Amino acid sequence: MDTIILGIESSCDDTSVGISLNNTIIANVTANQDIHHSYGGVVPELASRAHQQNIIPVVDAALKEAKIKPKNVSAVAFTSGPGLLGSLLVGTSFAKSMAQALGVPLVEVNHMQAHILAHFIENEDMRPPSFPFICLTVSGGHTQIVKVTSHFDYEILGQTIDDAAGEAFDKAAKIMGLPYPGGPLIDQYAQFGNPEAFSFSKPKIEGLDYSFSGLKTSILYFLQKEVAKNPDFVHNNLNDLCASIQKTILDILFKKLEMACEQVDINEVAIAGGVSANSGLRKRLKEHVEWNAYIPKFEYCTDNGAMIAITGYYKYLQQDFANTSTLAQARKKLV
Ligand code: KG4
Ligand code: ZN
């Protein structure tokens with residue numbers, strides 16, 4: 001019998017609902033929140049309110065796109081964390097009510113696990129990695145090198161001790177006066193710039209952990225100095241600045257990723273999370289001759305309901321169900 005999971009993602013600023021039919025996706029609808037652009041970052045209070053407004057229309061749209069009726073849903077999956085608490089509460093409460101109204105099981109999903117399991121959505125453009133593999137999960141809130149030995153077994157080999165990679169992109173963009181989220185804009189401008197034009201300091205952290213806060217400070221001081229001499233400096237050099245900043249972030253990411261793969265002797269390497277949409281990162285991974293690279297479809301990189309539905313599907317197969325007292329957890333850990 002077919003299994004149909006409705007997955008709800010509301011951990012940050014995107015309200016997204018995905019519907020899976022076994023291990024395929026038959027709907028993935030996202031309402032982005034433009035409201036945060038002018039604030040230079042996500043405003044938690046506004047995000048929760050926008051989720052409240054969006055959630056019913058997005059669920060309706062996903063059911064329409066999938067051409068299914070609510071009574072055909074086998075289980076409702078939802079992101080319980082990590083994320084912004086007010087945002088998580090909207091999805092959590094909605095999922096509980098929907099599961100109860102339909103009389104179907106409720107499945108709790110860890111957002112970071114879902115980014116990784118997006119690789120297991122069956123479609124013609126992607127083949128899943130084989131176990132064990134290394135996943136570099138790079139998002140707005142997390143940067144982790146994870147050893148994945150099964151759908152449910154993870155070991156974090158390294159992670160950021162301060163800012164996440166996506167945060168480094170967004171903060172650098174903000175310093176240059178670009179709107180939030182700056183990551184995709186840096187990616188766009190970088191394509192026309194010289195990555196060697198400017199150099200920024202790189203962290204000297206032992207082991208497999210990352211640090212990105214020093215880079216932000218290095219960019220800030222450099223630009224303050226240059227803008228004092230020439231107020232048009234950023235405008236005149238935007239492409240080169242973006243290309244150089246992007247290259248520095250990718251150099252930092254790859255250095256530890258290469259070390260990790262060598263240490264555990266694994267050459268199956270996947271990327272996941274919002275920053276895995278970055279064209280420079282995707283290209284560099286594809287060109288890495290020693291690795292079998294796994295790159296998610298663009299729509300499964302940034303936050304999406306499809307990854308919640310597919311994770312819900314694998315947990316459903318294990319009969320791993322939540323109950324109605326399950327709490328949203330802002331700081332939920334992967335392991
Ligand atoms: O996974 P995600 O959608 O949300 C979180 O779980 O945080 O990741 C969002 C992050 C933001 O920091 C955004 O700037 C970054 O992913 N991002 C990118 C690109 N697209 C999204 N960063 C660099 N290049 C991109 N093309
Ligand atoms: Zn995410």
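Numbers here simply count residues along the sequence, with the first being 1. Note that the structure is predicted; figures quoted are calculated from it, not measured. As the structure lists them, so they are numbered: ligands from 1, and atoms in each ligand from 1.
Residues Asp162 and Ser211 bring a donor and an acceptor atom of their side chains to less than 3.5 Å of each other. If you check the side chains of Gln191 and Asp187, you find a donor sitting under 3.5 Å from an acceptor. No hydrogens or angles considered: a donor-acceptor pair under 3.5 Å links the side chains of His111 and Glu9. Side-chain contact annotation: Ser213 with Asp163, donor-acceptor N/O pair under 3.5 Å absent.
Of the protein's heavy atoms, Asp170 OD2, 3.4 Å lies nearest to atom 11 (C) of ligand 1. Shortest contact from atom 21 (C) of ligand 1 to any protein heavy atom: Gly274 O, 3.3 Å. Among all protein heavy atoms, the one lying closest to atom 22 (N) of ligand 1 is Gly183 CA, 3.5 Å. With respect to atom 2 (P) of ligand 1, the closest heavy atom belonging to the protein is Asp303 OD1, 3.2 Å. Distance from atom 15 (C) of ligand 1 to its nearest protein heavy atom, with residue and atom name: Val275 CG2, 4.0 Å. Of the protein's non-hydrogen atoms, the one nearest atom 24 (N) of ligand 1 is Asn278 ND2, 3.0 Å.
Within ligand 1, the atoms closer than 4.0 Å to a non-hydrogen atom of Gly140 are 5 (C), 7 (O), 8 (O), 9 (C), 10 (C), 12 (O), numbered from 1 in the order shown. Heavy-atom contacts of Thr302 reach the following atoms of ligand 1: 3 (O), 21 (C) (cutoff under 4.0 Å). Atom numbering of ligand 1 starts at 1 in the shown order; those under 4.0 Å from a heavy atom of His115 are 1 (O), 6 (O). Taking every heavy atom of Ala277 and a limit of under 4.0 angstrom, the matching atoms of ligand 1 come to 20 (N), 26 (N). Close approach of ligand 1 to Gly141 (heavy-atom distance below 4.0 Å) involves ligand atoms 7 (O). Using a 4.0 Å cut-off to heavy atoms of His111, the atoms of ligand 1 that qualify are 6 (O). In the vicinity of Asp187, heavy-atom distances shorter than 4.0 Å reach the ligand 1 atoms 24 (N), 25 (C), 26 (N). Contact atoms of ligand 1 toward Gly166: 12 (O) (distance under 4.0 Å to a heavy atom of the residue).
Excluding waters, the set of protein N/O/S atoms under 2.8 Å from the Zn ion (ligand 2) reads His111 NE2, His115 NE2, Asp303 OD1.
Ring geometry for Trp291 against Phe254 counts as parallel: the plane angle stays under 30°, on a 0 to 90° scale with 60° as the upper cut.
Ion pairing between a basic and an acidic side chain is recognised when a charged N comes within 4.0 Å of a carboxylate O; Asp251 and Lys255 show no such pairing. Between Arg284 and Glu287, no side-chain nitrogen of the basic residue sits less than 4.0 Å from a carboxylate oxygen of the acidic one, so the salt-bridge criterion is not met.
Asp303 pairs in a side-chain contact (heavy atoms from CB on, under 4.5 Å) with only one of the listed residues (Ser11, Ser16, Ser10), which is Ser11.
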Hey, can you pull the donor-acceptor pairs under 3.5 Å for the side chains in residues 19-28, sequence neighbours left out?
residue, atom, partner, partner atom, Å
Asn22, OD1, Thr3, N, 2.8
Asn22, ND2, Asp2, OD1, 2.8
Asn23, ND2, Glu122, OE1, 3.3
Thr24, OG1, Leu21, O, 2.8
Asn28, OD1, Gly305, N, 3.4
Asn28, OD1, Ala306, N, 3.1

Got a list of side-chain donor-acceptor pairs under 3.5 Å for residues 326-335, not counting sequence neighbours?
residue, atom, partner, partner atom, Å
Thr326, OG1, Asn323, N, 3.2
Thr326, OG1, Asn323, O, 2.6
Lys332, NZ, Glu108, OE2, 2.9

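Residue contact annotation: Pro184 has a non-hydrogen atom under 4.0 Å from ligand 1.
Applying the salt bridge (Lys or Arg N to Asp or Glu O under 4.0 Å) test to pairs two or more places apart or on separate chains, those with a residue in residues 288-297 are Asp125-Lys297, Lys297-Glu299.
Aromatic rings from Tyr300 and His119 are positioned such that their centres are separated by 6.0 Å or more.
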Item to complete: Evaluate the ring pair (Phe, Tyr, Trp, His ring centres under 6.0 Å) criterion for residues Phe120 and Phe152: first the C-alpha distance (whole Å), next the side-chain angles of each, then the deciding distance (0.1 Å), finally the verdict.
Response: CA-CA 12 Å; Phe120 295 88; Phe152 303 104; over 10 Å; no
